[in-house]
Amino acid sequence: MDKDFTHIFQEIPFLGQLAEITQAIGTEAYLVGGFVRDLLLGRAGKDIDIVCVGSGVDFALKVAEKLDKDISVTTYRNFGTAMFRYEEWTLEFVGARKESYDRHSRKPAVENGTLQDDQNRRDFTINALAISLNKQDLGTLIDPFGGLEDLRKKIIQTPLNPDITFSDDPLRMMRAIRFATKLNFDIAPDTFEAIIRNKERIQIVSQERITDELNKIILADTPSYGFKLLFHSGLLHYIFPEMVELQGVEAVGDKKHKDNFYHTLQVLDNLSEKTQDLWLRWAAILHDIAKPATKRFDEKIGWTFHGHDEKGAKMVPHIFRKLKLPMGENMRLVQKLVRLHLRPIALVKDNITDSALRRLLFEAGNDLEALMMLCRADITSKDHQKVKKYLANFDKVEQRLKEIEEKDRLRSFQPVITGELIMQTFGLKPCKEVGIIKAEVREAILDGAIPNELPQAFEFMLEVGRKHGLQPLKEEN
Ligand code: ATP
Ligand code: MG
């Protein structure tokens, strides 16, 4: 079922140039992998995967030389791969190879092979398509496993026996789910059943590779689909058990709580409609993560999850560390959003004081928009009238926050009274009192008792100091 794709060399002139160079060098080479898949889906990318018969490194060096002598080629001789960038393109080269795996070792034995051998070792039929760059069959699609048909039918399946494909490199199970989620494809039933059978082998894969795929799932348009596949295959139990804990509904009499797994997925999808930001999406995933740990049943009020915001925030660093996600600023943002996610809801009531709003502005700082986005996404009622009402309430809260913000400019709030100033004024070394005075001044500013301006705040600091039995070294004028 070969098919003619010569038109791509006119449509994308750089591919025409690549074909000419390939023929001048005289090496047998093909476009392959994700590049061909996306090209046939009408969403050609800028990362070009090329396979050649022979040394991928030597071929890459020759192609680079002909394009531009100054290109620097990154080579991985051990893997037989090489890559370089040219204009807007990233080219990745690999020599065709035949892989055989020994069940007891994770490293495959690799030999040079033919194009067919190389297609056999690829993960899915839709990733095993090749288009010839060679003179005798230029533009021919070489499709031994019906990948083109699977693209049309929107199906992910392995080219060979899925048990062998997944056992050889268990990360492919996550890749199957990632491609299904990203492309909105189905996973063929026998491929999915093989994932279920091989799920526990995911444990031999490095955390970095797993988390990389997980993040790609999270960045899809509808990430819930990927999480449902991870859950139903059983992979989620190995890679992210805290999330599995969210699943399920408990009842006492006729009092049930909602299923927090599906709720979380709905929040994640809602938020994903508004932002591509990976870390905001992580905040959605983790916002209720401590609900299982804080769940109680109270005879009078029913199910409660008191403190799940604070406890959830505490769990964030542990989860990030385990998943080998970066522990810096992004982690702190996720933690902050988890900690604050209930606060705007508490501000919906009519009789809320300015000082409560001021506190939220102060604590959320520049992440207020992100927090409000999460809170809006957190509304998952099926009753449209209710959703409308809740969203309108948030509009009101946002309006009031804006007014206070304009009045007090609290977002960039840096209390004018610093620890330094307290120590200087009272002649103190760093100690508990410094923290106490600083906090009292800050609270007074947030309560609106004094403005955040120097003369008044300084005067107030002196008062607080005296109350704690401290005398200033010299009176300021
Ligand atoms: P994307 O670049 O969008 O993540 P891709 O399909 O290009 O998708 P890459 O990881 O760039 O994925 O790999 C390029 C190609 O290499 C794949 O299309 C596939 O043919 C092959 N491949 C990559 N990883 C594996 C793997 N673990 N097992 C088998 N084949 C793989
Ligand atoms: Mg790629």
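In each ligand, atom 1 is the first atom listed, and ligand 1 is the first ligand listed.
Nearest protein neighbour of atom 30 (N) of ligand 1, counting heavy atoms only, is Asp123 N, 3.3 Å. Shortest contact from atom 15 (C) of ligand 1 to any protein heavy atom: Arg122 NH1, 3.5 Å. Ranking the protein heavy atoms by distance from atom 28 (N) of ligand 1 puts Arg172 NE, 2.6 Å first. Protein heavy atom closest to atom 11 (O) of ligand 1, with residue, atom name and distance, is Asp49 OD1, 4.6 Å. Protein heavy atom at the shortest distance from atom 12 (O) of ligand 1 is Arg175 NH2, 3.3 Å. Remark: minimum distance from atom 7 (O) of ligand 1 to any protein heavy atom is reached at Gly34 CA, 3.3 Å. Given atom 27 (N) of ligand 1, the protein heavy atom at minimum distance is Asp169 OD2, 2.9 Å.
The closest side-chain donor-acceptor pair between Gln157 and Asp150 falls under 3.5 angstrom. Between the side chains of His308 and His341, at least one donor-acceptor pair of N or O atoms lies under 3.5 Å.
The contact set between ligand 1 and Gly33, taken as ligand atoms under 4.0 Å from a residue heavy atom, comprises 18 (O), 20 (O).
Remark: ligand 1 and Asp38 share no N or O pair separated by less than 3.5 Å (distance only, no angle test).
Proximity of Asn127 to ligand 1, defined as any heavy-atom pair under 4.0 Å, is shared by backbone and side chain alike. No part of Phe124 comes within 4.0 Å of ligand 1, judged by heavy-atom distances. Counting heavy atoms closer than 4.0 Å to ligand 1, residue Lys182 contributes nothing at all.
The backbone N or O of Arg201 lies less than 3.5 Å from no partner atom in the side chain of Asn198, so there is not a single donor-acceptor pair. With hydrogens and angles disregarded, a donor-acceptor distance shorter than 3.5 Å links the side chain of Thr158 to the backbone of Leu160.
Checked for salt-bridge contact, Asp143 and Lys3 miss the test: no charged N lies under 4.0 Å from a carboxylate O. Here Asp58 pairs with Arg77 in a salt bridge; the nearest charged N to carboxylate O distance falls below 4.0 Å.
Of the listed residues (Glu213, Arg178, Arg37), the one carrying the non-hydrogen atom nearest atom 4 (O) of ligand 1 is Arg178.
Heavy atoms of Arg121 come nearer than 4.0 angstrom to ligand 1 in at least one pair.
Counting protein heavy atoms under 4.0 angstrom from atom 2 (O) of ligand 1 gives zero.
Under the side-chain contact (heavy atoms from CB on, under 4.5 Å) criterion, Ile25 pairs with Ile21, Thr27, Phe59, Lys62, Val63, Lys66, sequence neighbours left out.
Residue Lys389 qualifies as open at atom NZ: its count of foreign heavy atoms under 6.0 Å is 12 or below.
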